[in-house]
Amino acid sequence: MANNEELFKKIIAHAKEYGFVFPSSEIYDGMSAVYDYGQYGSELKNNIKQYWWKAMVQYNENIVGIDSAIFMHPTVWKASGHVDAFNDPLIDNKDSKKRYRADVLIEDHVAKIEDKIEKEVSKAKSRFGETFDENMYRKTNTRVVEYQQKIDGIKTRFVTAMDANDLVDVKALIEDLEIVCPVSGSRNWTEVRQFNLMFSTQMGSVSEDTNQIYLRPETAQGIFVNFLNVMKSGRMKIPFGIAQIGKAFRNEIVARQFIFRMREFEQMEMQFFIRPGEEMKWFEYWKNERMRWHLSLGMPAEKYRFHDHDKLAHYANAAADIEFDFAFGFKEMEGIHSRTDFDLGSHQKFSGKKLQYFDPELNENYVPYVLETSIGLDRTFLAMLSHAYTEETLEDGTIRTVLKFPPVLAPVKATVLPLIKKDGLPEKAREIMDMLKFDYMCQYDEKDAIGRRYRRQDAIGTPYCITVDHQTLEDNTVTIRERDSMKQDRIGIAEISRIIGERLKTHYIPTPQPE
RNA sequence: GCGGAAGUAGCUCAGUUGGUAGAGCAUAACCUUGCCAAGGUUAGGGUCGUCGGUUCGAGUCCGAUUUUCCGCUCCA
């Protein structure tokens, strides 16, 4: 475990030193858990996106891609449930260090008073027998009325305070009610703080006209609100999917572990619209298919595992994660969720628009069910980087640090190197560089000894090095060095592009979808 | 969010009881060598995380703050 921590630190240091990931705004001391992707990091990230996009959109005739806006109508987040679920006033007890939802503490307190009322009522009931008028008793008994007034007072005060965003008064209310921590039994509370997990901002430049809007906490809703548009304009027939890659924002209380948990992150999502009742068939299909995609990147199978959810979110009736063995243990990388008709049904209700599909085979209209695959791009990036990072001890005892990316994902595909910086070799190498750079991300390097240049390329994971030597000038051949084996082949200049292209071919081919 | 540790050049670090900063590697230029990193010469690069305090004087002592790491907590 300690070794893994050391390794993880080395990976983070390597990522910064070689231009993959930088702390954001570093010259101003950085921002907690915000990172920028550097010159090689952004290449790697783009390559992962492209590999996913091709696998989902290009290779599946019934899946199309969109790119929806980060800003969405505020009601979207009411329909999705995020406004309710992501807005909690929280308070901590300083002695037990336990955190509570302030509204829950107050509700519990109210419930206790209600219990007292019920006790009084049932006591009176048994005393007066059949002649007992419960409603009358509730309205007239002084003790019950007192309790009821107290409850009404608390509720009014709480609702007023919450509406006015007056968290100080919520705290005061908790103090006035002498609520104690169930664990420590003390009344030593912190201030009440609003943990709104959605970032908000204002739209509209004149202050009276502004609307509070949110940065999307997930990309999925952008797909659901475009369900009709895509279905109609694309003449889509169920089953079909809509894919999207984009940023999402969550104001996590604790964001840590490098780029694993960030407040601004990127998702690659696909929502697959299906006939109600067929969700388990598709759940199994996409579970297997997504795992096949991961394995096609050449990572060992034991690095991955499924984790089936026992506790399901409000929108799901089946859910599984694909977890990856990061340096800090198995963690979620992708989720496959059967979301039923929760999302489209909810948007149908809130928008008043019919979000339905006419199924000619069944001759009926229905709200389609949704099967979601949602993968964290930053987490996939981290998985690739962690797994690629290798320190090799060579025969002569020196240590080689090499990033063994799958070639299709490598930031730089090939580097052209003149063996020495004279005798016309740089000119020849430049010619080859100019020939290759329109097809592949390439570099040219003539500084320092050749061995050292190879190592520099190893450190950023370049799979192929093309070396121009004196023989090149005679017969138009070069050597091509393979990163992992360090072996070299001599090939003709005219063949370089084709040979690299061969080796960059994708290994993922989708399994035919079920009937 | 709570507790602990740390922050000196791009990287790894040194800096003695407070006296206004050093090394190696890296980077750039030139020379030399030429197939698996560290030959030579020269140069650039730091208001010692930030702000404030004590002091004639602070990288060094004190306080606050920020960032990172570790543990706890939290987590659709």
Side-chain angles (χ1 to χ4, degrees), chain A residues 1-2 5-6 8-10 12-14 16-19 22-35 38 80-82 84-86 88 90-101 183 190-191 193 195 197-198 217-218 220 248 250-258 260-261 263 267 309 311-316 319 321 328 331-332 335 337 339 342 372 374 392 394-396 398-402 417-423 425 445-459 465-471 478-483 485-488 490:
Chain A
M1 204 58 189
E5 273 172 27
E6 285 308 305
F8 191 48
K9 282 182 184 169
K10 277 188 186 175
I12 295 170
H14 191 90
K16 189 191 164 195
E17 189 168 353
Y18 288 90
F22 305 123
S24 168
S25 316
E26 202 186 3
I27 60 169
Y28 291 105
D29 258 357
M31 294 256 293
S32 184
V34 185
Y35 292 92
S80 69
H82 285 86
D84 291 333
F86 272 26
D88 300 330
L90 298 180
I91 189 166
D92 292 11
N93 183 270
K94 287 180 189 166
D95 297 316
S96 65
K97 311 252 183 247
K98 285 280 172 195
R99 174 168 293 155
Y100 301 94
R101 280 173 55 176
V183 176
T190 62
E191 296 307 309
R193 284 154 304 180
F195 281 90
L197 293 193
M198 286 196 289
E218 63 174 30
R250 285 184 197 181
N251 205 356
E252 302 279 357
I253 296 166
V254 176
R256 232 190 256 174
Q257 278 164 326
F258 195 41
F260 183 80
R261 176 168 286 116
R263 296 195 173 96
Q267 297 181 304
H309 289 212
K311 254 175 40 186
L312 296 169
H314 62 259
Y315 54 74
D321 292 339
F328 39 88
K331 297 280 179 187
E332 177 185 354
H337 295 176
R339 298 180 71 123
F342 174 84
E372 169 190 80
S374 173
E392 279 181 354
L394 301 180
E395 283 173 12
D396 63 1
T398 60
I399 290 172
R400 175 172 90 121
T401 303
V402 49
L417 309 161
L419 188 59
I420 57 171
K421 208 169 31 172
K422 59 183 181 190
D423 303 338
L425 297 186
D445 191 5
E446 59 179 27
K447 182 89 203 289
D448 296 317
I450 189 72
R452 190 134 155 212
R453 283 179 274 164
Y454 287 147
R455 296 301 173 83
R456 271 207 288 263
Q457 295 304 319
D458 290 341
C465 286
I466 310 294
T467 305
V468 173
D469 55 19
H470 291 94
Q471 191 182 331
V478 294
T479 62
I480 179 167
R481 168 197 186 260
E482 202 275 324
R483 177 194 64 205
S485 65
M486 296 163 59
K487 294 239 167 66
Q488 287 175 286
R490 186 160 278 278

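Letters A, B, ... are given to chains in the order of the sequence lines, protein chains preceding strands, and every chain is numbered from 1.
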Suppose you measure atom C1' in B:rC51 against the same atom in B:rG3; what distance do you get, rounded to whole Å? 25 Å

Quote, to the nearest angstrom, the P distance that separates B:rG49 from B:rU60. 8 Å

Within this structure, what is the CZ-to-C1' distance between A:F22 and B:rU68, rounded to whole angstrom? 17 Å

Should B:rA23 form a Watson-Crick or G-U wobble pair with both distances under 3.5 Å, which nucleotide is its partner? B:rU12

Residue set satisfying salt bridge (charged side-chain N to carboxylate O under 4.0 Å, His left out) with A:R452, at least two apart, ordered chain then number -> none

For A:D423, enumerate each residue passing the salt bridge (charged side-chain N to carboxylate O under 4.0 Å, His left out) test, keeping only those at least two apart in sequence or located in another chain. none

Quick check: on RNA chain B, is the nucleotide nearest A:F258 upstream (toward 5') of the one nearest A:R456, or the reverse? Name the residue that is more 5'. A:R456

Touch class at under 4.0 angstrom, heavy-atom based, for A:A220 against every strand present: nothing

For atom NE2 of A:H14 and atom P of B:rA26, their distance in whole Å: 16 Å

Go ahead and name the base partner of B:rC51; Watson-Crick or wobble counts if both distances stay under 3.5 Å, otherwise write none. B:rG63

If we take the P atom in both B:rG18 and B:rG52, what is their distance in whole Å? 24 Å

Which value, in whole Å, describes the distance between the C1' atoms of nucleotides B:rA43 and B:rG4? 44 Å

What about A:Y35 and A:F22, are their ring centers closer than 6.0 Å? no

How close or far is atom C1' of B:rC75 from atom NE2 of A:H82, stated in whole angstroms? 13 Å

Whole-Å distance, A:Y18 OH to B:rU12 C1', equals 13 Å

A:Y454: which residues meet the ring-ring contact (aromatic ring centres under 6.0 Å, His included) condition with it, sequence neighbours left out? none

Whom does B:rA58 pair with, Watson-Crick or G-U wobble, provided both distances fall under 3.5 Å? none

Quantified in whole Å, what is the P atom distance between nucleotide B:rA26 and nucleotide B:rA64? 42 Å

Closest-nucleotide ordering on RNA chain B, the 5'-leading residue of A:Y35 and A:E332: A:Y35

With rounding to the closest Å, how many angstrom separate the C1' atoms on B:rG15 and B:rA23? 11 Å

Are A:D321 and A:K331 close enough for a salt bridge, meaning some N to O gap below 4.0 Å? no

Rounded distance (nearest 0.5 Å) linking atom CD1 of A:I450 with atom SG of A:C465: 7.5 Å

Contact pattern, 5' to 3', of nucleotides 32-42 of chain B - B, S or - by protein heavy atom under 4.0 Å: -SBBBBS----

Partner nucleotide of B:rA28 by Watson-Crick or wobble geometry (both distances under 3.5 Å): B:rU42

In Watson-Crick or G-U wobble terms, both distances under 3.5 Å, what is the partner of B:rG18? none

Identified pairing partner of B:rC72, criterion: Watson-Crick or G-U wobble below 3.5 Å: B:rG1

Between CG on residue A:D458 and CZ on residue A:R400, distance to nearest 0.5 Å: 4.5 Å

For A:Q257 and B:rC74, give me the distance from atom CD to atom C1', rounded to whole Å. 13 Å

Could you state the CD-P distance from A:E17 to B:rA26, rounded to the nearest angstrom? 11 Å

Please give the distance between the C1' atoms of B:rA29 and B:rU8 as a whole number of Å. 28 Å

Any A:K16 side-chain N or O less than 4.0 Å from OP1/OP2 of B:rC11: yes

Identify, with sequence neighbours excluded, every residue that meets salt bridge (charged side-chain N to carboxylate O under 4.0 Å, His left out) alongside A:R339. A:E218, A:D343, A:E372

For the pair made of CZ in A:F342 and P in B:rA76, what is the distance, rounded to whole Å? 15 Å

Write down the distance separating the C1' atoms in B:rC36 and B:rU67, rounded off to the nearest Å. 39 Å

Return the value, rounded to whole Å, for the distance between atom CZ of A:R263 and atom P of B:rC74. 17 Å

In chain order, what residues pass the salt bridge (charged side-chain N to carboxylate O under 4.0 Å, His left out) check against A:R455, with sequence neighbours excluded? none

